[in-house]
Amino acid sequence: MDAALDQARLGLAAGEVPIGAVLVIDDAIVARAYNQPISACDPTAHAEVLVLREAARIVGNYRLTNADVYVTLEPCLMCVGALVHARVRNVIYGAAEPKTGALASTARALETPGLNHRFEVACGVREAEARDLIQEFFREKRRV
């Protein structure tokens, strides 16, 4: 989670919503990313999607069955879908996202009937740090 928090800090410095993600296979970080929808002018450029794209390119396979994804904030519905399609093994996230979180907060996307894959979920890892970054970003936005 340290590396995901580092990515979130890079996102904060870049003026993006500070969400970071890393993808790990065999205890090694394969890919890192932070949210970039603003700078990329791409609504799908969430940290989770970017880290999946990079890891799939590096591994040479869109199925990442032995991968664990660490992300600082609970994934949204789009990202949960991407994580399911990538067939990741585990998702570990920091803070809950009460407005758009799709693993526990607003939806329980993994309970959707018909999914061909489900992954294990762990939440609350370094939660306070992840939440503080998000709150800092929005405090600054409200001041401007």
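Tyr62 and Arg87 get closest at one heavy-atom pair: CE1-NH1, 4.4 Å. What you find for Arg89 and Thr65 is that their closest heavy atoms are CB-O, 3.5 Å. Nearest approach of Ala130 to Gly94, heavy atoms of both residues: CB-CA, 4.4 Å. Heavy atoms only, all atoms of each residue included: Tyr93 and Ala104 are closest at OH-CB, 4.0 Å.
Applying the side-chain hydrogen bond (donor to acceptor under 3.5 Å, both in side chains) definition to pairs two or more places apart or across chains, those involving residues 13-22 are Glu16-Ser39.
Counting only heavy atoms from C-beta outward, the side chains of Leu133 and Leu5 approach each other to under 4.5 Å. With contacts defined as side-chain heavy-atom distances shorter than 4.5 Å, the pair Leu83/Pro75 qualifies.
Taken from CZ in Arg142 to CZ in Phe137, the straight-line distance is 10.5 Å, to the nearest 0.5 Å. Taking CG from Leu73 and CD1 from Ile19, the interatomic distance works out to 4.5 Å, rounded to the nearest 0.5 Å. Between the CD atom of Glu54 and the CD1 atom of Ile58 there is a distance of 4.0 Å, given to the nearest 0.5 Å. To the nearest 0.5 angstrom, Glu127 atom CD is 10.5 Å from Glu74 atom CD.
Residue Leu50 shares its hydrophobic cluster (ILVMFWY side chains chained together at separations under 4.5 Å) with no other residue. Other cluster members for Met78: Val49, joined by side-chain heavy-atom distances under 4.5 Å among Ile, Leu, Val, Met, Phe, Trp and Tyr.
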Can you give me every donor-acceptor pair (side chain of residues 21-38, partner residue at least two apart or in another chain, under 3.5 Å) with its distance?
from, atom 1, to, atom 2, distance (Å)
Asn35, OD1, Ala47, N, 2.8
Gln36, NE2, Tyr34, O, 3.4

Do any side-chain atoms of residues 96-103 form donor-acceptor pairs under 3.5 angstrom with protein atoms, and if so which ones, sequence neighbours left out?
from, atom 1, to, atom 2, distance (Å)
Glu97, OE1, Lys99, N, 2.7
Glu97, OE1, Thr100, N, 3.4

Under 3.5 Å donor-acceptor pairs involving side-chain atoms of residues 116-126, not counting sequence neighbours:
from, atom 1, to, atom 2, distance (Å)
His117, NE2, Val88, O, 2.7
Arg118, NE, Leu110, O, 2.6
Arg118, NH1, Leu115, O, 3.4
Arg118, NH2, Thr112, O, 2.9
Arg126, NE, Glu129, OE2, 2.5
Arg126, NH1, Asp2, OD1, 2.2
Arg126, NH2, Asp2, OD1, 3.0
Arg126, NH2, Glu129, OE1, 2.7
Arg126, NH2, Glu129, OE2, 3.3

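For the 3.5 Å distance criterion, the side chains of Thr44 and Arg53 qualify, holding a donor opposite an acceptor.
A salt bridge is absent between Arg139 and Glu136; no separation between the charged side-chain nitrogens and carboxylate oxygens falls under 4.0 Å.
At most 12 heavy atoms of other shown residues, nucleotides or ligands fall within 6.0 angstrom of atom CG in Leu77.
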